[in-house]
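Written below as structure tokens is the structure these notes are about.
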Amino acid sequence: MRLYNTLTRRLEELPPPPGPIRMYFCGPTVYQRAHIGNARPFVLGMWLRAWLRERGYEAILVHNITDVNDKIYEAAPNESAALAERATAWYVEDTGDLGLGMPDAMPKATESIPSIVRFIEDLIEGEFAYAVQGDVYFRVARDPGYGRLSGQRPDQVEEQEPNPLKEDPRDFALWKANKPGEDTSWDAPWGRGRPGWHIECSAMAEDAFGPAFEIHGGGLDLVFPHHENELAQSNALGHEFARIWTQNGMLQFGGEKMSKSLGNDVSIRNVLDTWGREVVLLFFMTAHWRKPIDFTDDTLAQTKAQVEGFRNVFRSPSEPGGDWAAFEAALDDDFNTPEALALLHGWRDHELLRRGLELFGLGSLAEQKKASSALYDLAQKREDARRGGNFAEADRLRDEIDRAGWVVRDTPGGWSLVEKP
RNA sequence: GGCGCCUUGGCCGAGUGGUUAGGCAGCGGCCUGCAAAGCCGCGCACGCCGGUUCGACUCCGGCAGGCGCCUCCA
């Protein structure tokens, strides 16, 4: 199996099974209901884990929660902890409802403070970081390779609002001194405060996996500065950190990236309620994970039609045939789900198709709901009316069944009832 | 100013130096009392301009348009 590695800008072969393949994916900052764009790395991580296991790997997925952060303080001054806790529960609930299972661990920043503090201490000791007035900053000038992940040239990075505490405008915060309105803080050798954004991931990933692991994931918008800084911090301590960096493309909405900051976000909850989990999952399958994907009603409607198409395969007799090897090859080649999906569309073999769909959490498409006996009676009455030539009555009964959410289908072998799409 | 990515038929979306992607929608037909589902047939696409080549959608260069990032973002 091979995957595109942002760090080397090429496709790279994974070590042969059984691995292990340890994966760390960046999760959301929790201060409101997560949007559907946030679901993309979650879904990708769960699918990759499932696929790697299918291929005989020991695969482990750790997906973190950022539960201390400026955004949370802004959203709930003096009550950020309560908000973060609530929003974490939402996230777990919403991603759980995708029906893909859950990551092997979901560490929270606030529960990883000792590791974070130790990490910063080591960086200071090595003079890769410095404390000033309760803040601690990473000394970017100490890292000659800074920018190797994102391709940024440190001398060209746009200057931010000047921060007189920094030795160099490119330096980034590892620890921020406690400020008014910030209700969460921890003691540290440099004073009471809380971790900066990037250090938590270095600490949590290494807590889970040690100084080196196979795959790091997250959104493409995290490449710089977040992932760049994670790499810099860990490399500064001589740790290899992640070998393969996978960043998923952004979910677009109305021609822009969907994001909480832009206010154009649609929650996972909302999409789940409107379209159902199968449509959401199939929607993500239609685009390659590295490419942007447009969230539009038209696209979702097309996806829904595909969902029905798969259901109908299972409502028809199974026919042997289907190239599993080609399916494997597509997924082994940079996890090309659109190509794998195209193959699935050609399969009529129930067992094989179900096996393929199950890998993506879509095994439910193979399951049929049974109509109530009352509906069966109506359908039989309609059949009787039809046979008697009373088509007006037959159509009336069909409408009644339709209103109950079911569709009557006449086949050569007799009528059947299927759930209305 | 810097870094990176993208541009395929009505829509979504793979892929390849010369050979059918696939799906959705649409049109025609079969089937049906009418439908639904299914089946059969139909589109000959690769942003623009150059170059390399016997031949480019595929390689190279330029241009145009779009997207992401530059220390809050999945």
Side-chain angles (χ1 to χ4, degrees), chain A residues 6 9 25-29 31 34-45 63 66 69-74 138 140 147 150-161 163 166 169-173 196-198 217-226 228-229 247-252 255-262 265 282-283 285-288 290-294 296 298-306 308-309 311-313 315-316 330 336-346 386-387 389-392 394-395 398 402 407-412 416 418 420-421:
Chain A
T6 308
R9 298 184 203 291
F25 273 59
C26 285
T29 299
Y31 62 95
H35 63 74
I36 189 68
N38 291 304
R40 176 113 101 144
F42 178 92
V43 168
L44 177 64
H63 194 252
T66 297
N69 171 300
D70 289 331
K71 281 282 176 193
I72 311 173
Y73 292 132
E74 277 169 33
F138 186 86
V140 169
S150 61
Q152 291 290 328
R153 300 219 313 269
D155 55 310
Q156 289 292 342
V157 169
E158 199 172 70
E159 287 210 14
Q160 300 306 298
E161 318 145 35
N163 178 344
K166 290 184 182 177
R170 301 166 301 170
D171 292 350
F172 56 88
W197 177 34
H198 317 298
L220 191 59
D221 54 351
L222 299 185
V223 176
F224 192 87
H226 189 236
E228 188 74 61
N229 290 351
Q247 279 100 8
N248 61 270
M250 294 293 97
L251 189 84
Q252 308 279 128
E256 287 184 304
K257 175 177 84 163
M258 180 179 286
S259 80
K260 288 178 268 204
S261 328
L262 289 170
D265 56 313
L282 207 61
F283 169 71
M285 267 189 97
T286 59
H288 185 99
R290 277 193 280 123
K291 286 208 167 184
I293 183 169
D294 269 308
T296 68
D298 188 47
T299 309
L300 274 282
Q302 284 188 22
T303 308
K304 187 176 176 175
Q306 290 191 45
E308 272 314 293
R311 280 219 171 82
N312 284 328
V313 172
R315 289 164 177 154
S316 309
N336 192 335
T337 57
E339 196 173 355
L341 180 60
L343 290 162
L344 292 178
H345 274 296
R386 279 182 72 218
R387 292 212 177 276
N390 189 352
F391 298 122
D395 290 348
R398 182 164 61 192
D402 179 88
V407 178
V408 195
R409 285 183 184 169
D410 296 325
T411 68
S416 69
V418 302
K420 209 166 125 180

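Every chain is numbered from 1, with letters handed out A, B, ... down the list of sequences. Not measured: the values here are computed from a predicted model.
- Within the model, atoms CD of A:Q247 and CG of A:D221 stand 9.5 Å from one another, a figure rounded to the nearest 0.5 Å.
- A:T66 contributes no side-chain N or O that, together with a main-chain N or O of A:T29, makes up a donor-acceptor pair within less than 3.5 Å.
- A:S150 and A:F224 get closest at one heavy-atom pair: OG-CD1, 3.3 Å.
- Pairing each heavy atom of A:G218 with each of A:P41, the nearest pair is CA-CB, 4.4 Å.
- Summarising the geometry, the separation between CG on A:L343 and P on B:rU20 is reported as 17 Å, rounded to the nearest angstrom.
- Note on A:H288: only backbone sugar-phosphate atoms sit closer than 4.0 angstrom, heavy atoms only; bases stay farther off.
- Atom-to-atom, CG of A:D294 to P of B:rC67 comes out at 11 Å; the value is rounded to the nearest Å.
- B:rA56 sits 11 Å from B:rC46 when the C1' atoms are compared, rounded to a whole Å.
- Both A:M258 and A:F172 lie close to RNA chain B; mapped to their nearest nucleotides by heavy-atom distance, the more 5′-ward contact belongs to A:F172.
- Contact annotation for A:K260: backbone-only contact, meaning every heavy-atom pair under 4.0 Å involves sugar-phosphate atoms and none involves a base.
- We find that CD of A:Q152 is positioned 12 Å from P of B:rC5, with the value rounded to whole Å.
- Atom pair A:Q306:CD and B:rC11:P shows a separation of 17 Å (rounding to whole Å applied).
- Under 4.0 angstrom from either OP1 or OP2 of B:rA74 there lies at least one side-chain N or O belonging to A:T29.
- When the P atom is compared between B:rA36 and B:rA45, the two are found 32 Å apart, to the nearest whole Å.
- For the pair A:D402 CG and B:rC34 C1', the interatomic distance rounds to 15 Å; values are reported in whole Å.
- Rounded to a whole Å, the CD atom of A:E339 is 13 Å from the P atom of B:rA21.
- Considering only side-chain atoms of A:P41, the nucleotide from B:rA74, B:rC70, B:rA21 that sits closest is B:rA74.
- Note that the CD atom of A:Q252 and the CD1 atom of A:I293 stand 10.0 Å from one another [nearest 0.5 Å].
- A straight line from CD1 of A:I293 to P of B:rC11 spans 17 Å, rounded to a whole angstrom.
- For the P atom pair drawn from B:rG50 and B:rU58, the interatomic distance equals 14 Å after rounding to whole Å.
- Each of A:E256 and A:S150 has a nearest nucleotide on RNA chain B; the 5'-most of these lies closest to A:S150.
- Distance noted for atom C1' between B:rC6 and B:rA14: 15 Å (whole Å).
- Across B:rC69, B:rA74, B:rC72, the shortest atom-to-atom separation from the side chain of A:P28 is found for B:rA74.
- Checking B:rC34, B:rC12, B:rA74 against the side-chain heavy atoms of A:D395 singles out B:rC34 as nearest.
- With both ends at atom P, the span from B:rU20 to B:rU16 equals 15 Å, rounded to whole Å.
- Residue A:M250 has its side chain nearest to B:rG68 when only B:rG68, B:rC12, B:rG23 are considered.
- Comparing the same atom, P, in B:rG22 and in B:rC44 gives a spacing of 15 Å after rounding to whole Å.
- Residue contacts shown for A:Q252 are limited to sugar-phosphate atoms, with no base heavy atom under 4.0 Å away.
- Comparing the P positions of B:rC27 and B:rA35 gives an interatomic distance of 14 Å, to the nearest angstrom.
- In this entry the distance linking CE of A:M285 with C1' of B:rG22 reads 12 Å, nearest Å.
- For the atom pair NZ of A:K257 and CG of A:D265, the computed distance is 11.5 Å after rounding to the nearest 0.5 Å.
- Here A:F138 contributes atom CZ and A:H198 contributes atom NE2; the two are 11.0 Å apart, rounded to the nearest 0.5 Å.
- A donor-acceptor pair is defined here as one N or O able to donate and one able to accept, closer than 3.5 Å; such a pair exists between the side chain of A:N312 and the backbone of A:E308.
- For A:D298, the side-chain atoms get nearest to B:rC11 when compared with the rest of B:rC69, B:rC11, B:rA14.
- If you check every strand for non-hydrogen atoms under 4.0 Å, A:Q247 touches nothing.
- Distances from the side chain of A:H345 to the nucleotides B:rG23, B:rA74, B:rC70 place B:rG23 closest.
- Only the P atoms considered, B:rC67 is 15 Å distant from B:rC12, to the nearest whole Å.
- Here the side chain of A:N69 is nearest to one of B:rC69, B:rA21, B:rC72, namely B:rC72.
- By the 6.0 Å contact criterion, CZ on A:R9 is enclosed, its count of non-hydrogen atoms from other residues, nucleotides or ligands being greater than 12.
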When every nucleotide of nucleotides 35-45 of chain B is labelled 5' to 3' by its protein contacts under 4.0 Å (heavy atoms), B for base, S for sugar-phosphate only, - for none, what sequence of letters results? BBSSS------
From CA spacing to verdict: side chain to side chain contact (heavy atoms under 4.5 Å, CB included), A:Q306, A:T286: CA-CA 10 Å; A:Q306 290 191 45; A:T286 59; 4.3 Å; yes
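- With A:Q152 contributing its side chain and A:G147 its backbone, the two residues share no donor-acceptor pair below 3.5 Å.
- Relative to the side chain of A:K291, the nucleotides B:rC6, B:rG4, B:rA74 differ in distance, and B:rC6 lies closest.
- Contacts of A:N229 with the nucleic acid, taken as non-hydrogen atoms under 4.0 Å apart, include base atoms.
- At the heavy-atom level, A:L251 lies under 4.0 Å from base atoms of the strands shown.
- A donor-acceptor contact under 3.5 Å links the side chain of A:Q302 to the base of B:rG23.
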Dot-bracket encoding per residue of RNA chain B, Watson-Crick/G-U cut-off under 3.5 Å, | denoting interstrand: (((((((..(((.....[...))).(((((.......)))))....(((((..]....))))))))))))....
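- Nucleic acid contact class of A:G37 (heavy atoms, under 4.0 Å, all strands): base.
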